[in-house]
Amino acid sequence: MKKRPLYCPIQEVVDELPFDYKEIEPLLEFLYGNKTAEKNTPFDRGTITSGSTLDCCKQNLGAAGAGLLADVLKDNTNIESILFGTGGIGDKGAESVADLLKQNKAIKNVY
């Protein structure tokens with residue numbers, strides 16, 4: 001899969017996953033398992049802090065990546081903040097996050 005450079009601000013928003021699914025799969029599994037991070041826990045596509053924050057800033061998630069995260073976070077009670085800064089999630093990704101916030105009341109902050 002062709003790597004896309006990350007620009008700030010994002011120059012283009014892509015609907016498909018802009019990287020190999022294997023890069024985000026460990027993070028998705030951790031979140032789906034509703035696990036608690038005892039310390040900062042880095043993944044290939046994001047970091048979970050011991051303060052219950054999912055930091056995906058500058059991870060070039062695209063709309064599909066935001067959608068995948070939103071799906072696994074629907075029943076997660078440990079993540080309270082999500083950072084998407086410069087992630088290129090676009091309108092479609094933002095809609096996924098908005099739908100997530102309707103279901104998950106543990107999430108208090110989204111950037």
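Values below: every heavy atom of this structure, side chains too, minus hydrogens, waters and symmetry copies.
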**Request:** Look only at the side chain of Asn78 and the backbone of Asn34, and say whether a donor-acceptor pair between them is shorter than 3.5 Å.
**Result:** yes
**Item:** side-chain contact (heavy atoms from CB on, under 4.5 Å) partners for Ser81, two or more places apart
**Value:** Thr53, Asn109
**Prompt:** What pair of heavy atoms forms the shortest contact from Ala70 to Ser96, and how long is it?
**Reply:** CB-O, 3.6 Å
**Hydrophobic cluster identity match, Leu83 and Phe30, side-chain contacts under 4.5 Å** = no
**Prompt:** Among the clusters formed by ILVMFWY side chains lying less than 4.5 Å apart, do Leu61 and Ile107 turn up in the same one?
**Reply:** yes
**Prompt:** For Lys102, what residues pass the salt bridge (Lys or Arg N to Asp or Glu O under 4.0 Å) criterion, not counting sequence neighbours?
**Reply:** Asp99
**Prompt:** Which atom names give the shortest non-hydrogen contact between Phe84 and Val110, and what distance separates them?
**Reply:** CD1-CG1, 4.0 Å
**Request:** Measure from the side-chain N and O atoms of Asn104 to the backbone N and O of Asn76, and report whether any donor-acceptor pair falls under 3.5 Å.
**Result:** yes
**Prompt:** Do Ile48 and Leu31 come close enough that some side-chain heavy atom pair is under 4.5 Å?
**Reply:** yes
**Asked** Do Leu100 and Tyr111 belong to the same hydrophobic cluster, where Ile, Leu, Val, Met, Phe, Trp and Tyr are linked whenever their side-chain heavy atoms lie under 4.5 Å apart, directly or via other members?
**Response** no
**Message:** Per the salt bridge (charged side-chain N to carboxylate O under 4.0 Å, His left out) rule, what does the pair list look like for residues 74-97, sequence neighbours excluded?
**Reply:** Asp71-Lys74
**Fill in**
Taking every heavy atom of Gly93 against every heavy atom of Ala63, the minimum-distance pair comes out as N-CB, 3.7 Å
**Item:** Minimal non-hydrogen separation, Tyr21 against Leu28, with atom names
**Value:** OH-CD1, 3.6 Å
**Prompt:** Rounded to the nearest 0.5 Å, how far does CZ of Arg45 lie from CG of Leu68?
**Reply:** 12.0 Å
**Message:** Treating Lys108 as the side-chain partner and Lys105 as the backbone partner, does any N or O pair qualify as donor plus acceptor under 3.5 Å?
**Reply:** yes
**Message:** Looking at every heavy atom in both Ile89 and Val97, which two are closest together, and how far apart are they?
**Reply:** CD1-CG2, 4.4 Å
**Request:** Measure the shortest side-chain to side-chain distance between Gln59 and Asp44 over non-hydrogen atoms and say whether it is less than 4.5 angstrom.
**Result:** no
**Request:** Check whether any side-chain heavy atom of Leu27 lies under 4.5 Å from a side-chain heavy atom of Leu54, and answer yes or no.
**Result:** yes
**Prompt:** Side-chain contact, heavy-atom cut-off 4.5 Å: Leu69 with Ile82?
**Reply:** no
**Asked** Do you know which two heavy atoms are closest between Gly65 and Ile24, and how far apart they sit?
**Response** O-CD1, 4.4 Å
